[in-house]
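Here the structure comes first, spelled out in structure tokens, and everything after it is commentary.
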Amino acid sequence: MNRARVAAAIAALLTALLLQATVIGPVTNPLPISLPAVLIAAIALVDGPGAGIAFGFATGLIADLGSAHPAGVFALCWLGIGVVCGMCATPRSRALRNIITATIVCGAASVAGGLVLGLVGPGIVLDDVVRHGILATFGDLVLAVLVVPIVRLFLRSSTLRPPRPVFLIGAEQ
């Protein structure tokens with residue numbers, strides 16, 4: 001992990017949370033469409049489960065601390081997105097496959113998070129959770145079409161990849 005990669009991750013995390021709070025959340029209310037969840041899925045699909053777990057938990061924890069619901073719900077759901085999408089990651093997967101995977105996993109996480117909130121929080125109707133989760137999956141699809149190709153492009157660029165050591169056989173040291 002190099003400094004450019006850490007800085008890019010922090011910038012992406014804060015930008016996604018800011019856009020979610022100021023644009024996407026208010027426009028799509030009451031549907032649980034989530035730009036940070038799609039971003040976590042896209043990162044995990046490129047870099048694997050380790051990056052997905054770390055980025056998902058960190059993003060979810062920051063989102064939980066800034067919200068009114070019980071802490072840990074986003075962290076748990078978004079960590080799950082990172083794990084599942086990371087396990088589905090393949091080195092040569094196509095963008096369309098990654099978009100579909102991110103959409104399905106984020107839609108399932110919306111329903112799972114809503115069910116958890118319905119169990120621990122008052123005033124949430126479980127029927128609405130499932131109905132809104134299904135509709136939110138289509139919104140996640142729109143976000144995934146925009147986010148997944150951009151994340152793939154950035155994470156596969158040479159500026160964010162750590163340098164690979166070059167070993168010369170028989171060279172003087």
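Because the structure is a prediction, the values reported are computed rather than measured. Residue numbers start at 1 and run along the sequence shown.
Between Leu45 and Arg97, every side-chain heavy-atom pair lies at or beyond the 4.5 Å cut-off. Two residues are said to be in side-chain contact when any heavy atoms from C-beta on lie closer than 4.5 Å; Leu135 and Ile33 fail this criterion.
Residues that satisfy the side-chain contact (heavy atoms from CB on, under 4.5 Å) test with Ile104, not counting sequence neighbours, are Ile100. Residues passing the side-chain contact (heavy atoms from CB on, under 4.5 Å) test with Leu141 are Ile99, Thr103, Val145, sequence neighbours excluded. Residues meeting the side-chain hydrogen bond (donor to acceptor under 3.5 Å, both in side chains) test with Asn98, sequence neighbours left out: Ser93. For Ala63, the side-chain contact (heavy atoms from CB on, under 4.5 Å) partners at least two apart in sequence or on another chain are Leu17, Phe74, Trp78.
The two residues Leu117 and Val73 make their nearest non-hydrogen contact at CD2-CG2, 3.8 Å. Closest approach of Val111 to Gly133, counting heavy atoms only: CG2-CA, 3.8 Å. Across every non-hydrogen atom of Ala44 and Gly52, the tightest pair is CB-CA, 3.7 Å. Nearest heavy-atom pair across Ser110 and Pro32 is OG-O, 3.4 Å. The heavy-atom pair separating Ala109 from Cys77 by the smallest distance is O-SG, 4.1 Å. The nearest pair of heavy atoms linking Pro26 to Gln20 is CD-O, 3.8 Å.
By the rule that hydrophobic residues join a cluster once side-chain heavy atoms approach within less than 4.5 Å of another member, Ile10 and Leu19 end up as members of one cluster. The cluster map of Ile, Leu, Val, Met, Phe, Trp and Tyr, joined by side-chain heavy atoms under 4.5 Å apart, puts Val23 and Leu35 in the same cluster. Under a hydrophobic-cluster definition in which Ile, Leu, Val, Met, Phe, Trp and Tyr are linked whenever side-chain heavy atoms come within less than 4.5 Å, directly or via other members, Val148 and Ile24 are assigned to different clusters. Val38 and Leu76 sit in two unconnected hydrophobic clusters of ILVMFWY residues. Membership requires side-chain heavy atoms under 4.5 Å apart, directly or through other members.
For the side chain to side chain contact (heavy atoms under 4.5 Å, CB included) test with Leu18, the passing option among Leu14, Thr22, Thr15 is Thr22; the others fail.
With a 4.5 Å cut-off between side-chain heavy atoms of Ile, Leu, Val, Met, Phe, Trp and Tyr, the cluster of Leu79 takes in Ile53, Phe57, Leu61, Leu65, Val83, Met87.
Here Thr101 contributes atom OG1 and Ile81 contributes atom CD1; the two are 12.5 Å apart, rounded to the nearest 0.5 Å. Of the inter-residue distances, the one linking Ile40 atom CD1 with Phe55 atom CZ reads 6.0 Å to the nearest 0.5 angstrom. Going from atom CD1 of Ile62 over to atom OG of Ser67 covers 12.0 Å, rounded to the nearest 0.5 Å.
In this structure a side-chain-to-backbone donor-acceptor pair under 3.5 Å is present from Ser157 to Phe154.
Within the structure, every pair that satisfies the side chain to side chain donor-acceptor pair (under 3.5 Å) test and touches residues 128-141, not counting sequence neighbours, is listed here: Asp128-Arg131.
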